[in-house]
Amino acid sequence: MNPIVTILNGPNLNLLGKRQPEIYGRETLADVESKCRSLGDSLGLAIEFRQSNREYEIIDWIHEARGRAAAIVINPAAFTHTSVAILDALHAFEGPILEVHISNVHQREAFRHHSFVSAVASGVIVGCGTQGYELALQRAAVLIKATAG
Ligand code: DQA
C-alpha cells in the first residue's frame with residue numbers, strides 16, 4: 001500500500017481562484033487537488049486532500065493522521081499566525097510536516113511574518129504559488145523514503 005500524505009488547507013482556501021487573485025492566482029483548490037493527486041500517483045503516494053474554515057476540524061484531521069499518514073503537508077492559512085492549538089496537534093504527529101504558503105508572506109504585512117507552525121515543520125515553502133504544494137509533495141516523498149530506510 002502506498003504511504004498516505006495528508007494535505008490540509010486552512011480557512012478561506014476554499015475561495016482560492018476567486019479571493020485576491022492578484023496574490024493567490026486564479027487556480028482553484030480543486031485544480032491544486034487534482035495536480036497533487038496526479039503527482040502523488042507518480043511518486044507512489046496516496047493523497048488525502050482536505051480544507052476547513054474551522055480550527056477544530058484541522059486539529060481533528062491532524063490527530064487522525066497520527067499512526068496512519070506518513071507525512072502532512074499543511075497550508076494553515078491565517079491559522080499559521082494565530083494557532084498554538086494547531087502547533088500542539090502537529091507536535092503529536094510523528095512524521096515529516098511540510099508547511100506551504102502560496103504567497104510570499106515575508107513581503108506582506110508584519111503579522112504574516114510569524115508562523116507558529118514553522119517550529120515543527122521539516123520544511124517551509126513560501127511564495128512559489130500553488131506549485132508550492134507539488135514541491136512539498138516531492139520533499140515529502142524524499143523524507144518518507146529516508147525514514148523507510
Ligand atoms: C497563506 C498566507 C496567509 O497569511 C493567509 O492568511 C492565507 C494564505 C498563503 O498560502 O499564502 O490565507 O497561507
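Indexing begins at 1, ligand by ligand and atom by atom, following the structure's order. Nothing fancy with the numbering, it's 1 onward along the sequence.
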I'd like to check the salt bridge (Lys or Arg N to Asp or Glu O under 4.0 Å) partners of Glu109; sequence neighbours left out, ordered by chain and number. Arg112
Counterpart residues, ring pair (Phe, Tyr, Trp, His ring centres under 6.0 Å), relative to His114 (two or more places apart): Phe116
At less than 4.0 angstrom from any atom of ligand 1, which residues have a non-hydrogen atom? List them by chain and residue number. Arg19, Tyr24, Asn75, Ala77, Ala78, His81, His101, Ile102, Ser103, Val105, Arg112
Would you be so kind as to tabulate the donor-acceptor pairs closer than 3.5 Å made by side chains of residues 125-138, with sequence neighbours excluded?
| residue | atom | partner | partner atom | Å |
| --- | --- | --- | --- | --- |
| Thr130 | OG1 | Glu27 | OE1 | 2.3 |
| Tyr133 | OH | Asn9 | OD1 | 2.6 |
| Tyr133 | OH | Asn75 | ND2 | 3.3 |

With a 4.5 Å cut-off on side-chain heavy atoms, are Glu48 and Ile4 touching? yes
Do the side-chain N and O atoms of Asn53 and Gln51 include a donor-acceptor pair separated by under 3.5 angstrom? yes
Residues Arg50 and Thr6: side-chain donor-acceptor under 3.5 angstrom: no
